[in-house]
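Source: prediction; values computed, not measured.
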Amino acid sequence: LVSEMEEPTVKVAEEHLQDAKLEMARPIIRKPIPSPPKDLGLDPNGQDPTTIVLFYQYVEPPWTVKEHRKALNFVMELGRKHGVTGRGRCAREGLNCTLTGNADGVRAFCQGLRDWKELFEETDFKFTDGLEHKKRFKALTVRKVDELVAYGLEGAYAPSLSRNAAVNLEADEYHKMMADPDAVIIDVRNVYESAIGHFQPPKQGAELVIPPVRHSFEFPRWFNDPETKEKLKGKKVMMYCTGGIRCERATALLDQIEKNSSDDFQTEGIYHCRGGIERYMRTFPKGGFWKGRNYLFDRRLEQVPEDKSDRDLEKDIESWCSVCKKPWALYRGAKTCAVQECKIPVIVCDDCQGADPRKMKCPLCAGGDKFELRQKSPPRLVNPENATRKRKSALDRVTIASAKRAKHADKEPSTRLFLGKLPLAIDAEGVEKALDCKVVVLQWLHDHETGFFYGSAFVEVSSLPEARKVVEKASTAGIKIGKKRLRINFAPLREDERWPPKGHKHLERPPVPVV
């Protein structure tokens, strides 16, 4: 590899390695849980310090419905037993958590997972000790979800991890590869995370690509775009994210796209950084090729290289306040983009916290991006292996459901939507509340023979952006009425179709036939 790179570029990479803590690049997979530091005292306020642990573990084949339920209950009980708080996502495909507590309690929780299932011997638990007590989460919340990362690749759409040909590089190996001019580095995070910090490969080294992705469900669409394939073709494709979980699926997806490509799309290998930015930054306390801050979803808010000076961090700033445009790199005040279809976090400096929210737009929206990425088609590659062999009937249902989604995936966006799986006891107000938008026309669908309502309807909303917002939410976070998750798709008018239908009358509730 080194012989293929230009000598000055390699020299820069090697200089960084002189100050690296290479032991921090190594995961603790199948190794004993490390003991807490011996010198942990009270925090500056005289309270017990906080330890935080980040980890994820995929399960393949997925847990059954019963196993999933048991896993969720076990994790909650184990957390209560050891006084652990934080956030987690538990899906049939695995577990992803950011947890806090005291040093011993957090480690006991992780050991408890290992004692419960050997699978967690493969988990890379990443501990940070000695944080202030106030960095601790107040409660433990573990959500039952369809996916650990909301790519829209649940069930049979989830690319195989066991057959993924991508290579996990440890932080120092990843660092060296960034000097390769034949490599492309993809930031597999949301664009607002990349705004305050990202890898900066050396000159004449790899090319950095930051996709215009606001939310994770847009990534498969970006990967599937012909322009993306053209950029990645013939390149060593490197990916990175905060802790590694997003890259696990993203590299598997690109690998699957490559293997199923009907054209000449081929890369020169797919790689990602084991442990993500979190482990890289521990390995290179002066920063290495990292520039700026690492956006975090816990109470730390962001992470910076331990030995990097405030002055050097100031030089790294590339982002700006969304109101006054002065350089700024801190997300504070929970401000979001003023564009309704966007609503991603925006940067607002201290002086502009009280400014008109309508002036607060993310760089994409301020630059005129019209959500073109959301209009592109995601890959529809069914992977039957991602259902348990014991639940063949469940696999059949997943495959059928996937095929149904694929059937509607490429429909032209329209203001008319199809709603399925509605509760039988429903009214117009309940529909509007669930969709969170104004319904202009509502047509309850009923059986032509019996006249009975069967839980479906056509609705027309006031605008195309509103329709897109509803469909996107339904396909990612999901829209529920009670415990029922609705099925929602675009329903463009067929040729010569009359809408609203002749004789249509608005009814607050589904019609009840006279028997």
- Query: Side chains of Glu258 and Thr267: is there a donor and an acceptor less than 3.5 Å apart?
  - Reply: yes
Notebook entry, point to check: Would you say Lys484 has more than 12 foreign heavy atoms packed within less than 6.0 Å of its NZ?
Noted result: yes
Tightest non-hydrogen contact, residues Leu313 and Gly292, listed as CD2-O, 3.9 Å
Arg249/Glu93 salt bridge by N-O under 4.0 Å criterion = yes
Exercise. With distance as the sole criterion, is a donor-acceptor pair present between the side chains of Thr50 and Arg136 under 3.5 Å?
Worked result: yes
For residues 29-57, the ring-ring contact (aromatic ring centres under 6.0 Å, His included) pairs (sequence neighbours left out) are Phe55-Phe125
If you count every heavy atom of other residues, nucleotides or ligands that lies below 6.0 Å from Arg87 atom CZ, does the total exceed 12?
no
(message) If the threshold is 4.0 Å, N to carboxylate O, is there a salt bridge linking Asp124 and Lys31?
(response) no
| Evaluation steps, side chain to side chain contact (heavy atoms under 4.5 Å, CB included), between Val346 and Val348 | CA-CA 6 Å; Val346 293; Val348 179; 4.2 Å; yes
Checking Phe289, Tyr280, Tyr174 against His16 for ring-ring contact (aromatic ring centres under 6.0 Å, His included), the one that qualifies is Phe289
### Message
Could you check whether Arg282 pairs with Glu170 (Lys NZ or Arg NE/NH1/NH2 to Asp/Glu carboxylate O, under 4.0 Å)?
### Response
no
Salt bridge check, Lys291 against Glu318: does any charged N sit closer than 4.0 Å to a carboxylate O? yes
**Prompt:** Around atom CZ of Arg485, are there more than 12 heavy atoms of other residues, nucleotides or ligands at under 6.0 Å?
**Reply:** yes
> Can a salt bridge be assigned to the pair Arg274 and Glu248 using a cut-off of 4.0 Å between side-chain N and carboxylate O?
Replying inline: no
Salt bridge check: are Asp255 and Lys259 linked by an N-O gap of less than 4.0 Å? yes
Closest heavy-atom pair, Asp172 versus Ala25, reported as atoms and distance to 0.1 Å, is OD1-CB, 3.8 Å
Inset, instruction - Classify the angle between the aromatic ring planes of Phe74 and Trp116 as parallel (below 30°), tilted (30 to 60°) or perpendicular (above 60°). - result: parallel
